[in-house]
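One structure is given below, encoded as structure tokens.
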Amino acid sequence: MSDPPRKETDIARRIRAHGLARGRGPAEIAQEIHDQCGPLFGTSAVKAHRLSHGVALSDIVAQVQALFEVDGKPRPKIGETLLSAYESGYKRPGPEYLHYLCVVYRVEPDRLGYQNPCICGRAHASPPGAAPAEVPGRAPDRVAPANEAPLVGSVLLPRPDEAAWAAITEKRGFDRAPDPVTIDVGEEDIVLRRTLLQLLAGAGVTLDGQFLGAVDNLRRKMDDTLVNATVSPTMLDQWEETTLGYGQLYQATPSLRMLCDVLLDFSEVRRMMDKRQPVDLQERLCRIAAQLSGLSGLIMINLGDHRLARSFFRTARSAADETGDRKLRAWVTVREALVPMYYGDPREALHLARKAQDLAGRDPSVAAAMAPAVEARALGMLALRGRGDAAPGARRALVRGRSVFDQLSRDETGDLVFGFTDRQMTFYEGDTFTNLGDHRAGDETLSRALTLYDPTDRVDLTLVKLDRASCRLHGGEPDAALAGAKEAILDLPSEHRSDILVHRALQIGAAVRAKHGDSPALRTFYEAMAGPWVKSPTAPAPPRQVGRSDEV
């Protein structure tokens, strides 16, 4: 006889199958799952009830939401992550959610592992012989009377006694050849690997709904496993080195190719976290997850998907919170501030930058240096929009940022992603001067930044060139600004023309039109930007959809 199943779900599935075959209800099956899986996997009573119904977390969430709607209540905020936290014992449902879980499973709170009575004061358990609770996505199980066999298809089979049943299962091989333990490779991995192969083959790839859906599903799975672990310290050393290596390759590798590589490793880390680890190893895994998720958020900024960028930063915050490391949480927050800075409201970027400074504290760190620099850029953008008190604050923030930066170690200033380099600090200073209207200081600082960047630092290098073009625009040279912006984009290899760069160039065109009206140079610029050789993987909007001039 082969070994018994090694996974919690495999054992629960077999217990449920045998229980249904014997005509047992979900509550009885849940008790047996809890008795058998609890000592092996720490399966909680509330999770055992879900496994006894054979449904996913999403099914229970949908049922609770439906019950709220039927009762005329606003849609609840309960989700798979929160429900998973209940099942893992990391959180306890409040009185209202506990009531609805009891309604879904048709049991009393004590059967779910909670001793407090339900707030409704009524019984939830199904009466003897009653049908079990209906769950979305499947028909209710039929509980057969004691003297009747379960319904198989449309035929009632006579129920054998327990000894006969054991003989039948042995003869039929029910206890043999258990389901193989499958490798947890989901559809997301398949989509990412297919995309990566297409990129390696030189084929054109667009960000379609299937790809973006796979990316977001993978992030959601990481959210789930964070609240749900055995790896060796040597393996973690390798993953930490791999993660830091991405910081060196971030700007030299096309964004879509980098995203595929990062998310495939992100998926591997998620699988390692699927089982709770010793505290020290779990903390290291959470740190890696936070860094990879934050890096994915940065790449999604480059690719122009603001929603997914924010989602990845939320996941990164959840992972960072598990480590208790304020500096890591500050790094995630200050990197998230780049989303509204480039695509949204500089006031939100300012809020996040100041929040990151609070998290970083007074000790010198990457986030403690970067956050004031981001604050300065956000205030510079607000000054450009006419906020009179923003300019002095921007200059003070630059001084604070440079002061902290000068205290950083060599390791902290050698990485464009997980560190904060001198070339980035100089770029931020030049961008702030430009927005403040100090065109001479802005052009000099940006020119210095160009000498600090390597040719392979394509994203920041191009942003610096576009900032110099913007500086020329504010200095009264619209044609030179358009020529500089066009040259910055066309100098890039096509696979590096990400949305953030094309979007920024189009903003300069919009500002020229707002200040100086149409011109032959502007028409030539838009024709170049609309060419198929310019389009980024996310297909940027045509000129008529360019943002307002005050967003430059």
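In this structure a side-chain-to-backbone donor-acceptor pair under 3.5 Å is missing from Asp261 to Met258. Not a single donor-acceptor pair under 3.5 Å links the side chain of Arg75 to the backbone N or O of Gln65. Remark: the backbone N or O of Ala290 is not paired with any side-chain donor or acceptor of Ser293 at under 3.5 angstrom. The main-chain N or O of Val417 is found under 3.5 Å from a side-chain atom of Trp331 such that the two form a donor-acceptor pair. Under a 3.5 Å cut-off, the side chain of Tyr428 and the backbone N or O of Met370 do not form any donor-acceptor pair. Arg287 places no side-chain N or O within 3.5 Å of a backbone atom of Thr323 that could act as its donor or acceptor partner. No side-chain donor-acceptor contact under 3.5 Å links Asp454 to the backbone of Asp457. Panel note: side chain Arg257, backbone Leu199; no donor-acceptor pair is recorded below 3.5 Å. At distances below 3.5 Å, at least one donor-acceptor pair connects side-chain atoms of Gln424 with backbone N or O atoms of Leu416. Judged by distance alone, the side chain of Thr253 and the main-chain N or O of Leu249 form a donor-acceptor pair under 3.5 Å.
Inspection of the Glu412 and Ser409 side chains reveals an N or O donor paired with an N or O acceptor under 3.5 Å. Looking only at atom types and distance, the side chain of Gln282 has no donor-acceptor partner in the side chain of Glu322 under 3.5 Å away. Counting only N and O atoms by type, the side chains of Asp265 and Tyr246 include a donor and acceptor under 3.5 Å apart. For the 3.5 Å distance criterion, the side chains of Asn302 and Tyr250 qualify, holding a donor opposite an acceptor.
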Side chain to side chain contact (heavy atoms under 4.5 Å, CB included) between Phe312 and Val215, intermediate numbers included:
CA-CA 10 Å; Phe312 271 111; Val215 170; 3.3 Å; yes
Derivation and outcome, side chain to side chain contact (heavy atoms under 4.5 Å, CB included), residues Leu218 and Leu192:
CA-CA 10 Å; Leu218 181 55; Leu192 288 167; 3.9 Å; yes
Evaluate Ser403 against Arg400 for side-chain hydrogen bond (donor to acceptor under 3.5 Å, both in side chains), listing each step before the verdict.
CA-CA 5 Å; Ser403 174; Arg400 290 201 313 273; over 6 Å; no
Starting from the C-alpha separation in whole Å, work towards a yes-or-no answer on side-chain hydrogen bond (donor to acceptor under 3.5 Å, both in side chains) for Asp499 and Tyr343.
CA-CA 11 Å; Asp499 186 89; Tyr343 291 107; 2.9 Å; yes
Full working for side chain to side chain contact (heavy atoms under 4.5 Å, CB included) between Ile288 and Thr242:
CA-CA 10 Å; Ile288 296 170; Thr242 299; over 6 Å; no
Could you walk me through whether Asp189 and Ser267 pass the side-chain hydrogen bond (donor to acceptor under 3.5 Å, both in side chains) test, one step at a time?
CA-CA 7 Å; Asp189 300 77; Ser267 183; 2.8 Å; yes
Let's go through Leu452 and Thr426 carefully: what are the C-alpha distance in whole Å and the side-chain angles of both, what is the deciding distance for side chain to side chain contact (heavy atoms under 4.5 Å, CB included) to 0.1 Å, and is it a yes or a no?
CA-CA 9 Å; Leu452 298 176; Thr426 306; 3.7 Å; yes
Worked check of ring pair (Phe, Tyr, Trp, His ring centres under 6.0 Å) between Tyr342 and His306
CA-CA 10 Å; Tyr342 284 111; His306 326 147; over 10 Å; no
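Contact check for Thr243 versus Phe418: side-chain heavy atoms found under the 4.5 Å cut-off. Proximity of Arg377 to Asn435: side-chain heavy atoms (C-beta onward) are nowhere separated by under 4.5 Å. At least one side-chain heavy atom of Met272 sits under 4.5 Å from a side-chain heavy atom of Val269. Contact of the Val339 side chain with the Leu352 side chain is not registered, since no non-hydrogen atoms from C-beta on lie closer than 4.5 Å. Two residues are said to be in side-chain contact when any heavy atoms from C-beta on lie closer than 4.5 Å; Arg458 and Pro493 meet this criterion. Looking at Asp460 and Arg423, their side chains never come closer than 4.5 Å, going by heavy atoms from C-beta outward. Contact of the Met300 side chain with the Phe313 side chain is not registered, since no non-hydrogen atoms from C-beta on lie closer than 4.5 Å. Looking only at side-chain heavy atoms (C-beta outward), Leu57 and Glu87 come within less than 4.5 Å of each other.
Put simply, CG on Leu408 and CE on Met425 are 10.0 Å apart, with the number rounded to the nearest 0.5 Å. To the nearest 0.5 Å, atom CG of residue Leu328 and atom SG of residue Cys286 are 10.0 Å apart. Between His53 atom NE2 and Ile60 atom CD1 the span is 6.5 Å, to the nearest 0.5 Å. In this structure, Glu268 CD and Leu264 CG are separated by 8.0 Å, a value rounded to the nearest 0.5 Å. Distance check, rounded to the nearest 0.5 Å: CG of Leu308 to CZ of Arg310 gives 12.0 Å. Put simply, CD1 on Ile15 and CG on Asp10 are 11.0 Å apart, with the number rounded to the nearest 0.5 Å.
Among all heavy-atom pairs drawn from Val459 and Leu501, the shortest one is O-CD2, 3.7 Å. Between Ile508 and Ser470 the shortest heavy-atom distance is CD1-N, 4.1 Å. Considering every non-hydrogen atom in both Arg16 and Ser52, the closest pair reads NE-O, 2.8 Å. Of all the heavy atoms in Ala394 and Gly380, the pair that sits closest is CB-N, 4.2 Å. Closest of all the heavy-atom pairs between Ala353 and Ala371 is O-CB, 3.5 Å. Across Ala330 and Leu359, no two heavy atoms sit closer than the pair CB-CB, 3.8 Å.
Aromatic ring centres of Tyr86 and Tyr114: separated by at least 6.0 Å.
Ion pairing between Glu8 and Arg50 fails under the 4.0 Å rule for side-chain N and carboxylate O. Taking the charged nitrogens against the carboxylate oxygens, Asp325 and Arg329 have no contact shorter than 4.0 Å, which rules out a salt bridge. Between Asp216 and Arg307 there is a salt bridge, since a side-chain N of the basic residue sits under 4.0 Å from a carboxylate O of the acidic one. Contact check on Asp237 versus Arg284 returns a salt bridge, with a Lys/Arg side-chain nitrogen under 4.0 Å from an Asp/Glu carboxylate oxygen. Taking the charged nitrogens against the carboxylate oxygens, Glu336 and Arg317 do have a contact shorter than 4.0 Å, which makes a salt bridge. Using a 4.0 Å cut-off between charged nitrogen and carboxylate oxygen, Glu429 and Arg402 count as a salt-bridge pair. No salt bridge links Asp358 with Lys355; every basic N to acidic carboxylate O contact stays at or beyond 4.0 Å. Ion pairing of Arg326 with Asp321 is absent here, as no side-chain N (NZ or NE/NH1/NH2) approaches a carboxylate O to less than 4.0 Å.
Relative ring orientation between Tyr105 and His49 is described as tilted, the plane-to-plane angle lying within the 30° to 60° band. Using cut-offs of 30° and 60° for the angle between ring planes, the Phe420 and Phe405 rings count as perpendicular. A perpendicular orientation is assigned to the rings of Phe427 and Tyr453, their planes being inclined by more than 60° (bins at 30° and 60°).
Arg347 CZ: 12 or fewer foreign heavy atoms inside a 6.0 Å radius.
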